[in-house]
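Here is the structure we will look at, set down as structure tokens.
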Amino acid sequence: MRTSRPLLLRIATALAATAALPALAHTGADAGAHHGFVAGFVHPLTGLDHLAAMVAVGLWSALAATSRRELLAAPLGFAGMLLAGALAGLAGLSLPAVEPMIAASLLVLGLLVATQRRLPAPAAAALVGVFAVFHGIAHGRELAEHGGAIATLAGMLLATVGLHAAGIGLGLALRHANRWLPRIAGAAVGLFGLALLGGIA
């Protein structure tokens, strides 16, 4: 199926906007000292690793799902476990290899997007949920030293849901586009994760 020029233009614009964002993890607009609802909302939009992971979850869901339940399973699983991980981080829980796991999540999600691999709803939610815990703990540990953590988490959660929705919208558009476009998008996310892993190692 041929891809319309307006769709390609929208995708290119979105990719260009994403590429212009800061690539460093967990810094956000205020170098990690993010607190308050607005700062919490903005933070996932300014950390390219988090932004890519959250959009990829929605993108994969839209590309692979065969029912509404499957479409929503991974985004809801990610958002729920992100919140659980952030609350655990606020409470002082620390896990090893947080940064490598965040990078690995991009690699895995990129492969899932590229292959459009379908998983049953519980398995999809569990898979992304494991990675979301590490994303959440990274946020929670940062917030532990600042006030207004609940408002900040509320902003982050709303932004997360919005990014999932953006990914779903993009995925639904790509389902009717040239079959190589989802593969290119997945490869880009996966390569970004691989690059992060290489930088951490």
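Quick caveat: nothing in here was measured; it's all calculated off a predicted structure.
Side-chain atoms of Arg141 never come within 3.5 Å of backbone atoms of Ser94 as a donor-acceptor pair (strictly under, hydrogens ignored). Remark: the backbone N or O of Phe37 is not paired with any side-chain donor or acceptor of Thr152 at under 3.5 angstrom.
Residues Pro122 and Arg69 form a side-chain contact, since some pair of their non-hydrogen atoms from C-beta on lies under 4.5 Å apart. Taking 4.5 Å as the limit, some side-chain heavy atom of Leu119 sits within range of a side-chain heavy atom of Trp60. Using a 4.5 Å heavy-atom threshold, the side chains of Phe192 and Asp49 count as touching. Inter-residue side-chain proximity for Leu63 and Leu112 is flagged as unmet; no heavy-atom pair is nearer than 4.5 Å. With a 4.5 Å cut-off on side-chain heavy atoms, Glu142 and His43 count as touching. Between Val113 and Val189 the shortest side-chain heavy-atom distance does not fall below 4.5 Å. Considering only heavy atoms from C-beta on, Leu59 comes within 4.5 Å of Leu174 through its side chain.
Of all heavy-atom pairs between Gln116 and Pro182, the closest is NE2-CB, 3.6 Å. Taking every heavy atom of both residues into account, Ser61 and Ala74 meet most closely at OG-CB, 3.4 Å. For the residue pair Ala138 and Val98, the shortest heavy atom distance occurs at CB-CG1, 3.9 Å. Taking every heavy atom of both residues into account, His135 and Ala53 meet most closely at CE1-CB, 3.8 Å. The two residues Ala73 and Ala125 make their nearest non-hydrogen contact at O-CB, 3.5 Å. Scanning both residues, Phe134 and Pro96, for their nearest heavy atoms gives CE2-O, 3.6 Å.
Between the CE atom of Met101 and the CG atom of Leu107 there is a distance of 11.5 Å, given to the nearest 0.5 Å. Within the model, atoms CG of Leu48 and CG of Leu196 stand 8.0 Å from one another, a figure rounded to the nearest 0.5 Å. With rounding to the nearest 0.5 angstrom, the OG1 atom of Thr46 is 11.5 Å from the CZ atom of Phe41. The distance from atom OG1 of Thr115 to atom CZ of Arg183, rounded to the nearest 0.5 Å, is 9.5 Å. Note that CG of Leu197 is 10.5 Å distant from CD of Glu99, once rounded to the nearest 0.5 Å. Between the CD1 atom in Ile102 and the CD1 atom in Ile137 there is a gap of 9.5 Å [rounded to 0.5 Å].
Arg117 CZ: 12 or fewer foreign heavy atoms inside a 6.0 Å radius.
A chain of hydrophobic side-chain contacts below 4.5 Å, direct or via other Ile, Leu, Val, Met, Phe, Trp or Tyr residues, connects Leu95 to Met81. Linking ILVMFWY side-chain heavy atoms closer than 4.5 Å, directly or via other members, places Ile168 and Leu181 in two distinct hydrophobic clusters. Note on Leu153: it clusters hydrophobically with Leu157, by side-chain heavy-atom contacts below 4.5 Å among ILVMFWY residues. Hydrophobic cluster membership is shared by Met54 and Val130, with clusters built from Ile, Leu, Val, Met, Phe, Trp and Tyr side chains linked at under 4.5 angstrom. The cluster map of Ile, Leu, Val, Met, Phe, Trp and Tyr, joined by side-chain heavy atoms under 4.5 Å apart, puts Val161 and Leu109 in different clusters.
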### Task
Evaluate side chain to side chain contact (heavy atoms under 4.5 Å, CB included) for Val108 paired with Val128, printing each intermediate quantity in order.
CA-CA 9 Å; Val108 172; Val128 300; over 6 Å; no

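When each of Leu51, Leu83, Leu82, Val57 is tested with Thr160 by the rule side chain to side chain contact (heavy atoms under 4.5 Å, CB included), just one qualifies, namely Leu82.
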